[in-house]
Each structure stands twice: as structure tokens, then as C-alpha cells.
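Computation of the quantities below employed the complete heavy-atom set of this structure, encompassing side-chain atoms and omitting hydrogens, waters and symmetry-equivalent molecules. Labels below follow one simple rule: chain letters A, B, ... track the order of the sequence lines, proteins then strands, and each chain is numbered from 1.
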There are 2 protein chains.
Amino acid sequence: MTTMLEVAKRAGVSKATVSRVLSGNGYVSQETKDRVFQAIEESGYRPNLLARNLATKRTQTLGLVVTNTLYHGVYFSELLFHAARMTEEKGRQLILADGKHSADEEREAIQYLLDMRCDAIIIYPRFLSVDEMDEIIEKQEQPIMVLNRRLRKNSSQCVWSDHKASCQDAVSQLIEMGHRDIAFITGSLDSPTGIERLSGYRAALAQHQIPLRDELLVEGKWTPESGAAGVTTLLARKAQFTALVASNDDMAIGALKQLHDSGIATPGEVSVVGFDDVAIAPYIVPSLSSVRIPVTEMIKETISRLIFMLDGGEFSYQQAFPGELILRDSVIANVRA
Amino acid sequence: MTTMLEVAKRAGVSKATVSRVLSGNGYVSQETKDRVFQAIEESGYRPNLLARNLATKRTQTLGLVVTNTLYHGVYFSELLFHAARMTEEKGRQLILADGKHSADEEREAIQYLLDMRCDAIIIYPRFLSVDEMDEIIEKQEQPIMVLNRRLRKNSSQCVWSDHKASCQDAVSQLIEMGHRDIAFITGSLDSPTGIERLSGYRAALAQHQIPLRDELLVEGKWTPESGAAGVTTLLARKAQFTALVASNDDMAIGALKQLHDSGIATPGEVSVVGFDDVAIAPYIVPSLSSVRIPVTEMIKETISRLIFMLDGGEFSYQQAFPGELILRDSVIANVRA
DNA sequence: TTGTATGCGTTATCAG
DNA sequence: CTGATAACGCATACAA
């Protein structure tokens with residue numbers, strides 16, 4: 001690899017001058033500029049970003065930690081797409097680190113990004129607790145934002161959606177449409193999101209004085225497979241229900257498939273609702289109703305805050321993003337009937 | 001940030017010694033080791049990977065370039081999942097760079113990874129031609145592998161699947177099942193994969209002496225939306241067909257939705273086949289037949305080769321991965337009827 | 001077993 | 001406008 005020194009020699013100037021023409025800092029005459037550019041051209045010189053970043057103490061990169069258990073789902077590609085897009089828009093590069101499948105590995109991934117000297121870090125936690133995250137944030141001097149968790153202490157360094165409230169709201173809407181027997185497939189119950197959605201379901205029933213029936217409750221694991229298995233379990237229990245709420249779209253898709261295979265029509269006999277409103281969901285037949293989580297907006301806010309913090313800014317206010325139930329055929333048709 | 005020097009001082013040794021205990025290279029007594037570790041603990045020292053990588057001239061990272069137009073699809077998350085998994089397995093980190101949506105930007109992304117001194121690079125090209133890639137590979141000293149393209153010169157530095165052959169094969173199978181009127185939704189025709197699949201369709205028809213009917217051919221753009229639009233176009237043309245082949249699963253999913261909305265049953269009136277066999281596809285109702293592309297194996301081979309090349313190895317043989325038609329309800333039910 | 005000195009490829013601070 | 005030269009934080013060959 002040809003270095004800056006070789007370019008300098010070839011152009012008959014010093015390293016410093018080459019550095020100047022490349023960075024645009026400091027004055028340098030047009031003719032030497034030309035000589036330097038020519039030397040660069042001839043030698044095929046490329047800057048070594050490791051060296052540059054070491055010297056400037058800035059890398060122009062944002063790090064993102066996500067558990068690979070999320071990689072399987074559709075939600076992930078959308079999350080990543082928007083994160084990459086926003087990052088580039090701010091003139092930075094996104095670096096992804098795999099949080100794998102444990103709190104320790106999540107911690108390691110964060111540490112890796114810090115060791116790589118990312119300017120700032122975004123964490124989409126799956127296993128770390130909010131207290132652990134608070135601790136990490138306080139120990140580190142780099143700006144850190146947490147997605148999808150409400151932190152206790154550094155409450156302005158996170159952006160979240162109130163999963164309990166939006167689930168409660170969605171289930172309430174179903175109830176107000178006349179549904180009384182609403183089955184529920186949870187997410188993994190070691191995940192805060194999973195727990196919050198479940199408690200939203202419980203709260204909605206309580207709010208309308210509908211007793212919770214255990215036979216209508218089944219535990220899933222976020223995957224389409226577990227959604228399908230949930231339906232199998234419900235049917236084996238001979239549970240009667242007119243609506244089914246799955247804690248995310250992937251499970252809802254799996255559940256729809258299983259309902260269909262079991263000869264149960266949707267829409268018609270069972271209304272199905274999911275969460276996240278992944279872009280491909282509306283193309284599932286029959287159309288899936290879903291609680292839309294505004295990922296785009298959340299990512300945007302997250303990255304804006306990080307950039308602002310990098311410029312020395314501070315935030316004093318918190319921000320939550322409400323989920324919104326999008327009704328599609330699977331529910332609407334049922335209501336009409 | 002506390003540096004190695006401070007740790008050294010605190011432990012009463014030199015930087016070199018600290019470096020030794022950290023890297024495990026060279027002898028160092030147990031007691032000084034202990035002192036160093038304690039100093040590290042106390043000071044919360046963390047190595048600066050920029051400095052380390054600059055000094056060692058190795059970063060232990062593999063770079064991956066993918067266009068963000070792929071981010072939207074399901075295929076992408078699976079690709080990335082396996083890439084990240086394999087990379088970690090080899091004790092490296094994966095760095096993702098966005099190829100955005102043009103050849104220039106794809107080139108920039110590659111350049112960025114090179115400037116970051118990734119040890120090796122994987123390119124999943126979308127806009128760059130094979131000749132351009134060959135040129136890049138020859139100019140660079142880092143090992144580079146190309147996914148999903150058959151290179152002309154550096155033919156052992158790529159791993160591909162013969163899209164034409166597998167499409168021809170899939171369509172032939174439909175023909176042998178008795179189908180004569182087979183509609184086809186292409187991918188973007190500025191993409192080699194799209195072109196290859198189309199020519200496979202053509203070849204299959206020719207092989208069975210079935211004339212190509214233009215009304216059965218419609219151009220898509222890889223997205224579910226374009227798949228749905230394709231069906232709309234076909235129906236508007238009042239084209240008659242018993243089978244529909246979409247050039248990827250996302251479009252097939254969109255097409256299925258549109259067929260359903262138009263009151264056309266699948267399976268039954270129309271058999272639908274997609275490509276890629278993304279994991280979520282079987283959960284679509286009705287089950288979607290698909291030509292499975294062995295991404296996992298392809299990624300695995302790609303990364304194995306890169307690691308081998310990093311160790312100075314050389315490959316002399318090429319490797320193609322065959323696609324395989326997986327028949328599911330949407331086709332099978334039709335055949336039974 | 002440990003310390004010294006030099007290099008990795010840049011940037012940045014001074015003089016000139 | 002340009003050139004030395006000192007960081008940046010770490011690894012490593014060479015001495016001791």
C-alpha cells in the first residue's frame with residue numbers, strides 16, 4: 001500500500017502538504033495542489049483510515065448493536081435500512097455488531113464498538129436490563145442511545161414506544177368491536193417487550209371487566225414457527241375465540257398459516273392482529289391487521305440526538321413514540337359480518 | 001480514555017510488558033501479570049483497536065458490501081445473519097457497507113472498506129459489472145470474494161448459482177406437470193440475476209416447443225408491490241395462465257396477494273412459484289413453492305475461501321451452487337386436481 | 001523476564 | 001504558503 005510519504009516524495013513536497021490538500025485545511029498553492037493530485041493519481045494512493053482516525057480521535061462512524069435473534073425477522077431489515085440511511089445522511093458510516101444471544105455477548109458487542117472508537121453508539125437491547133444500560137451509559141464518555149427501552153436515569157438517551165399502552169389500546173378496540181373471546185400469543189417472556197404487550201392485553205381485559213381465561217393465553221418466541229405452534233396449542237385445548245392477537249407480525253403470520261391449514265378462515269371466523277406492521281405483512285393473505293411501531297421516526301430521532309450530542313448538545317426531554325393499530329381485512333371483514 | 005502507558009505506570013512496568021500480557025506473546029512472570037491485570041482493572045483500561053490495528057496491519061474484520069435496495073427484502077436478513085454468524089465463527093467481525101443504488105456508490109462502499117483496512121472483502125454486487133469487479137480484484141491486494149456473480153478472470157474468487165439453469169429447470173417441471181400457459185414476472189432487468197432468470201424461462205419454453213407469448217410476460221422490480229402490479233397487468237390483459245413464476249419470493253408474495261384479492265384461488269386456479277425460498281415464505285397462505293438458493297452454503301464457502309486466502313492459500317477451482325425447486329401446496333394441489 | 005527504541009500512517013502545531 | 005516534528009496508542013525487534 002502506498003502511503004502519504006511516497007505521494008509527498010513523488011510530488012516533491014512534505015507529508016504535511018499532502019495532508020493539507022487532502023483535508024482542505026490550511027493554505028496551499030494551486031500548482032502544488034495539482035502536483036499532489038497527480039502524484040496521488042499516479043501512485044493510486046488511498047488514505048489509511050486507521051491512521052487518520054487514530055490521529056484525529058474521530059472515526060465518523062456510528063455503532064449499532066442488535067441481537068442476531070432479530071436478524072431472522074422482517075422487522076430487522078427495516079430497522080437496519082433506516083439506520084443505515086439516516087447515518088449516511090449525516091455523513092457517517094454505520095457499523096453493525098452482533099449482540100448474539102446473551103447479556104454478556106451484548107455487552108461484548110458494545111465494548112467492541114467502543115474499542116473501535118465509534119463516535120457514538122446505538123443499542124437495540126434484547127438481554128441487558130435498563131439498569132445495566134444506565135450504568136454503561138454513565139461509565140462511557142461516548143454518546144449512547146438506547147432504542148426500545150425506557151431508561152430510568154438517562155431518560156433522554158433513549159427512544160421507546162409504550163408497548164403496554166398500544167397493546168391495551170388494540171385489544172380494547174377489538175373488545176369494542178364486539179369481541180369477547182380474544183386469544184393472545186405472547187413473545188418471549190424474558191424480553192421486556194414481550195412482557196409489556198402481555199400486560200397490555202391483561203389491562204384491556206380488566207378495563208372492560210372481561211375475565212382472563214388461561215386457555216386463551218399461549219407463550220410464543222417471536223418466530224413464525226412459534227406462532228403456528230401457538231395456534232396448534234389453542235386448537236388442541238379446544239379454546240373458542242373470535243380474535244387472536246400475536247405479539248409480533250412474524251408470529252401472526254405463522255398463526256395465520258396454521259389457522260388456514262386447520263380449516264379456519266381468516267377473515268371470517270377469527271380476526272388476527274400482529275405488531276410492528278412490517279412492510280411485507282400487508283401482502284400476506286388475508287391481510288393482517290397490525291399495531292404499527294414507527295421505526296423510521298424512532299431511528300431518526302435516535303440518530304439526530306446522537307449527532308446533536310456529538311456537537312456537545314444535551315437533551316432534557318424524553319420521547320416516546322405511540323404505536324397505532326392499523327386495521328386491515330382480517331379484522332374489518334369480521335366486524336362487517 | 002486511559003491508555004496503555006497509564007496502566008504501565010500504575011503497575012510499575014513498561015508499555016511493552018503490558019502489551020505482552022494482553023497479547024499473550026512473550027514471557028512475563030505471573031506476579032507482574034497479576035499487577036498488570038490489577039492495574040487494568042483499577043483504571044478501566046480498554047485497548048484502542050485503531051492503534052492496535054494500525055500497528056499490526058490487521059483488523060480481524062471482513063467487510064461486506066450490499067446495496068440497500070436489498071435491505072427491504074427478507075432475503076437480506078438471512079444473508080446477513082449467516083454472514084455475521086460465519087464471520088464470528090472464524091473469530092472475526094463483520095463490517096457492513098451500504099452499496100446504495102448505483103455502481104459508483106457500490107465502488108465507494110468497497111473503497112471505504114479497503115480504506116478501513118478490512119482484512120478481506122465480500123461483495124454482493126448489484127450494479128457493478130463482472131469486468132469491473134475483476135479489475136478491482138486485480139488492483140487490490142486484499143482477498144476479495146464476489147457473491148452471486150460468475151467472474152470471467154478471477155473465477156475462483158466468486159461463488160454463484162446458475163440462475164438461468166435453475167429457472168429453466170423449474171419452468172420445465174411445471175411444463176412436465178401439464179402446464180402450458182405459464183406467466184412470468186421478471187426481476188429488474190438491469191440486474192444480471194433478473195436477466196438470467198428470464199432467459200431460463202425462455203429456454204424452458206423453447207426446450208418444450210412452447211411458443212413464448214408476450215402477454216404472459218411482465219416486468220417487475222423485485223418488490224412485493226411490483227409483484228402485485230404484475231398480476232394486475234396480466235389480468236388487465238385478460239391473459240390466461242395456470243401457473244405464475246415470479247423471479248423472487250417477495251414478488252411472488254405480492255402476486256399471491258393480488259391474485260387472492262382478485263378472487264383467483266391459489267392453489268387451484270393458478271400455481272405460483274418464487275425464488276430464494278426465504279424462511280418466512282412457507283408461512284404465507286397458501287404455501288408458496290420456491291426455487292431454493294443455498295445462501296447458507298454459499299456464504300460459508302465464501303468466508304472459508306477468504307480465510308484460506310488470508311493464510312496465503314490459493315484456489316484453483318470454481319464453485320457454483322445449484323438452485324432447487326421446492327414444491328409446496330400452491331403447485332402440488334394444482335397437480336392433484 | 002523486562003525495558004528501550006522504533007515504526008504503523010495520519011493529523012496538527014509550530015516555525016520559517 | 002511550506003516543512004519539520006511531535007503526537008495518536010499500540011506492537012515488536014533488539015538489548016539487557
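- Contact annotation: side chain of A:Arg20 to base of D:dG3, donor-acceptor pair present below 3.5 Å.
- For the pair B:Tyr27 OH and C:dG3 C1', the computed distance is 18 Å after rounding to whole Å.
- Taking atom CG on B:Leu50 and atom P on C:dG7, their separation rounds to 22 Å, with Å as the unit.
- When each of A:Leu5 and B:Gly26 is assigned the nucleotide of DNA chain C with its nearest heavy atom, B:Gly26 is the one assigned upstream, toward the 5' end.
- Ion pairing of A:Arg10 with A:Glu6 is absent here, as no side-chain N (NZ or NE/NH1/NH2) approaches a carboxylate O to less than 4.0 Å.
- Contact annotation for B:Val13: backbone-only contact, meaning every heavy-atom pair under 4.0 Å involves sugar-phosphate atoms and none involves a base.
- Nearer to the 5' terminus of DNA chain D, by closest-nucleotide assignment, is the contact made by A:Leu54 (compared with the other of B:Thr17 and A:Leu54).
- Put simply, CZ on A:Arg52 is 19 Å from P on C:dC8, counting in whole angstrom units.
- Distance CE (B:Met1) to C1' (D:dA7): 19 Å, rounded to an integer number of Å.
- Heavy-atom distances to DNA chain D give each of B:Ser23 and B:Ala51 a nearest nucleotide, and the one nearer the 5′ end belongs to B:Ala51.
- Look at CE on B:Met4: it is 13 Å from P on C:dG3, rounded to the nearest Å.
- Residue contacts shown for B:Ser19 include a base, since a base heavy atom lies under 4.0 Å away.
- Atom CG of B:Asn53 is separated from atom P of D:dA11 by 9 Å (rounded to the nearest Å).
- A straight line from NZ of B:Lys57 to P of D:dC10 spans 19 Å, rounded to a whole angstrom.
- The pair B:Lys100-B:Glu108 fails the salt-bridge criterion, with no side-chain N (NZ, NE, NH1 or NH2) lying under 4.0 Å from an Asp/Glu carboxylate O.
- Looking at heavy-atom distances under 4.0 Å, A:Arg58 makes no contact with the nucleic acid at all.
- Distance A:Glu6 CD to C:dT10 C1': 14 Å, rounded to the nearest Å.
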